[in-house]
Each structure stands twice: as structure tokens, then as C-alpha cells.
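Below is one structure, written out as C-alpha cells; the observations come after it.
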Amino acid sequence: TPNVRRKKTFPLSVPTDNLSGNISIHLGGNMRKSAVVTTFFAAAALSLTGCSDSTAEADSAESSPEVTEVKEPVLSERGNLVHEVGDPVIFSAEEGSGEDVLEFTVTDIEVDPECPGPHAMPAMNGHLIAVSVEAETGAEPEFSEALVNGASFESYNWKVISAEGKTENSTISAATYACLNTGDVLPTQIGPGEKVEGKVVLDVPDDSGTLIYSVFNEGGWEWEFGSK
């Protein structure tokens, strides 16, 4: 049975119905042109049924598509899109072909992970946070036209807010760089036509809170972690 995903494009400030899945905003920072940011939210599949008699129901089950309902995007008080781990984010070039130029997903946020690095050391601020990311970039010329400086998930692009609402002053330490083996660390810069998977490690005082990724001037994305 095929899956049908319904999407709708709308301005960031306008409320939408529960089938919304597409957000159009202008991104600053290293974005040269406007882009469409598409956020897919996980949802339950709804099966469509037909007539009441058993034969009609069987025919309907075979012919009716399965519709995936998506949750309405939620903005935090900081103006960021609130995500759950596993929600993908897609950048699409708004001008020109409209091709996707970057898709990334935070697949896991691990508190106090094991550090396999040969020079691993204890957290200096309290707790290490390992953020697992999968990302894939689009082809040229759309990629460079939309992302002038390429894509990056360096530790300085992330910040953490504690469960009490305090923005941590620093999330980087010697322990964050020493935690992982070289092969587990995300590349510093990601170019066109690449697919990467890896981790970034942060060092924070609390074992729960809100993780924020933002490289642009207008909003970002956030995920809750730990037993908040």
C-alpha cells in the first residue's frame, strides 16, 4: 500500500493545519539566496476504509492509499523550530531549480557517552553530550548558490540551554575534542554531493536541557535531551 505525504508551503509566522510540512523563510548567514526549509515531523499513519460489508472493505483496503498525517510545526519562545530526535530538516533552493541542497537529521543525543578516543578525559564542565548527525548535500550549482560557505556542524554552531533556562557560557573544552576517534568526528566542512555521518561532542554543566543548532541570522532548530 503506497504512502501519501501531504505538504503545504506557508510563511513562518502564519498558523497552519495539521497537514503542514513545509516552511518558507529567508535565511541569512552563509545563505546567498532565499531557501525553502522543509521540516518533516513524525506522525501516525491513518488507514482509509470503504464500505461496511467485508468484500467492499477488502477491496477498499487494497485500493486506498495510506495517508501520513504530519504534526503542526512548533516554534519555541526563542523562535526556533522544535524537533524530536529523528526529524529530518531539508534546505531547498527557492530560486532556480528548487533542488534540495542539504538534508540533515539529529539521530541521537547521548548524555555522558563512552569516549573511545586515545586521549579521552573527563568532562571539564560537568557532562559530555554526543550529538549524532546524518547529512547529505545536493549537487552543484544549486549547492554553492544557496550555501556560500558550504555546510558545517562544528561545535561552535551549537548551544545548550539548561533545564532552568540558562544559556551555557561555553560548550567546548579539551574533553570534547579528545572524546572521539578521528573517524567518528563529522567533517569540518561539507561540500556538494556528499553524504556524511558522525558526531559532535559538547561539554555542559547539566545532564538535561535544550540543544540548539543555528548557523543563520533568522532562527534555528532545537531538541530536548536528558531527563528534563
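Atoms considered below: every heavy atom in the structure, side chains included; atoms not considered: hydrogens, waters and symmetry mates. Throughout, numbering of the chain's residues begins at 1 and tracks the sequence.
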Do you know the tightest heavy-atom contact between [X] and [Y]?
{"X": "A175", "Y": "P122", "value": "CB-O, 3.4 Å"}
{"X": "W223", "Y": "V106", "value": "CZ2-CG2, 3.4 Å"}
{"X": "A139", "Y": "P192", "value": "C-CB, 4.5 Å"}
{"X": "F104", "Y": "A135", "value": "CB-CB, 3.9 Å"}

Q | Full working for side-chain contact (heavy atoms from CB on, under 4.5 Å) between H83 and V89 | A | CA-CA 9 Å; H83 279 247; V89 175; 3.2 Å; yes
Separation between [atom1] of [X] and [atom2] of [Y], rounded to the nearest 0.5 Å:
{"X": "E168", "Y": "K159", "atom1": "CD", "atom2": "NZ", "answer": "11.5 Å"}
{"X": "N80", "Y": "S214", "atom1": "CG", "atom2": "OG", "answer": "6.5 Å"}
{"X": "Y213", "Y": "S152", "atom1": "OH", "atom2": "OG", "answer": "6.0 Å"}
{"X": "C179", "Y": "E114", "atom1": "SG", "atom2": "CD", "answer": "9.5 Å"}
{"X": "E224", "Y": "T210", "atom1": "CD", "atom2": "OG1", "answer": "5.0 Å"}
{"X": "I212", "Y": "T167", "atom1": "CD1", "atom2": "OG1", "answer": "6.5 Å"}

Between the main-chain N or O of [Y] and the side-chain N or O of [X], is there a donor-acceptor pair closer than 3.5 Å?
{"X": "Q189", "Y": "N149", "value": "yes"}
{"X": "T105", "Y": "T107", "value": "no"}
{"X": "E140", "Y": "S144", "value": "yes"}

**Q.** Those residues that, when tested against D206, pass side chain to side chain donor-acceptor pair (under 3.5 Å) (two or more places apart)
**A.** none
Q. Are D203 and T176 close enough that a side-chain donor and a side-chain acceptor fall under 3.5 Å?
A. no
**Q.** H127-D207 side chain donor-acceptor pair, cut-off 3.5 Å
**A.** no
Can [Y] be reached from [X] by stepping across I, L, V, M, F, W or Y side chains whose heavy atoms are under 4.5 Å apart?
{"X": "V111", "Y": "I172", "answer": "no"}
{"X": "V200", "Y": "V185", "answer": "no"}
{"X": "M124", "Y": "I129", "answer": "no"}
{"X": "L128", "Y": "Y177", "answer": "no"}
{"X": "V201", "Y": "V85", "answer": "no"}

Q.
Is the distance from the ring center of W158 to that of F225 below 6.0 Å?
A. no
(Q) For E134 and V196: C-alpha separation, side-chain torsions, deciding distance, then whether side-chain contact (heavy atoms from CB on, under 4.5 Å) applies. (A) CA-CA 6 Å; E134 295 179 0; V196 300; over 6 Å; no
Q: Apply side-chain contact (heavy atoms from CB on, under 4.5 Å) to V82 and L75, showing your working.
A: CA-CA 6 Å; V82 178; L75 287 179; over 6 Å; no
I want to check something: taking the side chain as every heavy atom from C-beta on, are [X] and [Y] in contact at a cut-off of under 4.5 Å?
{"X": "F153", "Y": "L186", "value": "yes"}
{"X": "L211", "Y": "I109", "value": "yes"}
{"X": "E110", "Y": "V131", "value": "no"}

Q. Would S92 and I90 count as a side-chain contact (heavy atoms from CB on, under 4.5 Å) if you check the C-alpha gap in whole Å, the side-chain angles of each, and the deciding distance to 0.1 Å?
A. CA-CA 6 Å; S92 299; I90 300 174; 3.8 Å; yes
Q: With side chain to side chain donor-acceptor pair (under 3.5 Å) as the test, would you mind laying out the steps for T137 and E194 before giving the verdict?
A: CA-CA 5 Å; T137 56; E194 295 185 20; 5.7 Å; no
